[in-house]
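Here's the structure we're looking at; comments come further down.
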Amino acid sequence: IVVLEFDTNKREREYYFAILHTNLNTMISVDLLRKGLAITSVLGGASKLALPGSNAEMWPRLPPWFWTPAGLWEIIAGYLLFTGEEYLDTALGLLFTFMGGVFSAAIYIKDEKGFTHFSARGKMGSGGRLLILPGIVWTALYVYVSVKSERSEMSTLMMASYGLCGFLWGVFCSSFGIHSYSASLKKE
């Protein structure tokens with residue numbers, strides 16, 4: 001709350017109003033961005049639950065069971081991000097971990113030809129290198145929400161740690177997927 005005295009000069013009144021206006025705009029835009037990201041996360045998670053085949057086609061070496069927990073993870077993170085209050089850092093931690101897994105899938109996990117999408121030799125060709133761009137953008141938006149939100153106490157070290165854990169989890173899941181993918185090829 002800013003109280004302006006009438007005996008101050010016009011320049012000081014404009015300065016205080018500008019500070020108040022800037023703070024309100026920042027607060028509103030961060031909250032709107034947070035809620036928009038939350039809705040996107042819930043919808044992305046729901047699509048993984050409803051249509052796991054479309055994701056499995058893109059990354060056939062991930063185990064088939066992978067898409068259900070990934071979808072639930074994204075829905076829970078989105079819900080917590082939407083509520084925003086006391087669970088904001090929990091939601092951001094879940095989402096940084098998720099994005100680490102997304103980077104793992106784009107950079108490390110091989111398609112049915114044995115190439116990563118990022119290598120530009122997989123089934124997506126040179127377009128495979130572009131798969132990391134949405135991950136970079138979403139991660140940057142999550143960082144922005146974390147840094148600009150008054151409710152977040154997450155450090156950059158924690159953000160990076162969550163992302164690394166997600167990347168390693170993607171590598172771990174990929175090793176299971178490679179075995180199940182190899183087994184399915186032997187049956188054919």
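All values below come from the heavy atoms of this structure, side chains included, with hydrogens, waters and symmetry mates left out. Everything numeric here is computed off the predicted structure, so don't read it as measured data. When a residue number appears, it is its place in the shown sequence, counting from 1.
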In the structure I gave you, are the side-chain heavy atoms of [X] and [Y] within less than 4.5 Å of one another anywhere?
| X | Y | value |
| --- | --- | --- |
| Thr83 | Tyr79 | yes |
| Asp89 | Glu153 | yes |
| Val143 | Phe96 | yes |

Interatomic spacing from [atom1] in [X] to [atom2] in [Y] - rounded to 0.5 Å:
| X | Y | atom1 | atom2 | result |
| --- | --- | --- | --- | --- |
| Thr90 | Ile76 | OG1 | CD1 | 11.5 Å |
| Leu81 | Lys35 | CG | NZ | 10.5 Å |
| Met159 | Thr97 | CE | OG1 | 12.5 Å |
| Leu94 | Met99 | CG | CE | 13.5 Å |
| Phe98 | Thr139 | CZ | OG1 | 10.5 Å |
| Ile136 | Phe103 | CD1 | CZ | 5.0 Å |

Heavy-atom closest pair, residues [X] and [Y]:
| X | Y | result |
| --- | --- | --- |
| Gly44 | Ser47 | O-OG, 2.8 Å |
| Leu72 | Leu49 | CD2-CD1, 4.0 Å |
| Ala38 | Phe82 | CB-N, 3.4 Å |
| Ser152 | Leu92 | OG-CD1, 4.0 Å |
| Ile107 | Phe118 | CA-CB, 3.9 Å |

Exercise for review: Identify whether the distance between the nearest side-chain nitrogen and carboxylate oxygen of Arg151 and Asp31 falls below 4.0 Å.
Suggested key: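 Salt bridge: yes.
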
Mind checking whether [X] and [Y] sit in one hydrophobic cluster, side chains of I, L, V, M, F, W, Y counted as touching below 4.5 Å?
| X | Y | value |
| --- | --- | --- |
| Leu164 | Leu157 | no |
| Val102 | Tyr144 | yes |
| Leu80 | Leu37 | yes |
| Tyr142 | Val147 | yes |
| Phe172 | Tyr108 | yes |

Test your reading of the model: is there a side-chain donor-acceptor pair from [X] to the backbone of [Y], 3.5 Å cut-off?
| X | Y | answer |
| --- | --- | --- |
| Ser119 | Phe115 | no |
| Trp67 | Asn55 | no |
| Ser104 | Gly100 | no |
| Arg34 | Val145 | no |
| Ser149 | Ser146 | no |

Review point. Quick one: salt bridge (charged side-chain N to carboxylate O under 4.0 Å, His left out) pairs with a partner in residues 95-105, sequence neighbours left out?
Key: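 Checked against salt bridge (charged side-chain N to carboxylate O under 4.0 Å, His left out) - neighbours excluded - no pair reaches residues 95-105.
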
Exercise for review: Verify side chain to side chain contact (heavy atoms under 4.5 Å, CB included) between Leu95 and Ser41, making sure each step is shown before the conclusion.
Suggested key: CA-CA 9 Å; Leu95 289 166; Ser41 181; 3.7 Å; yes

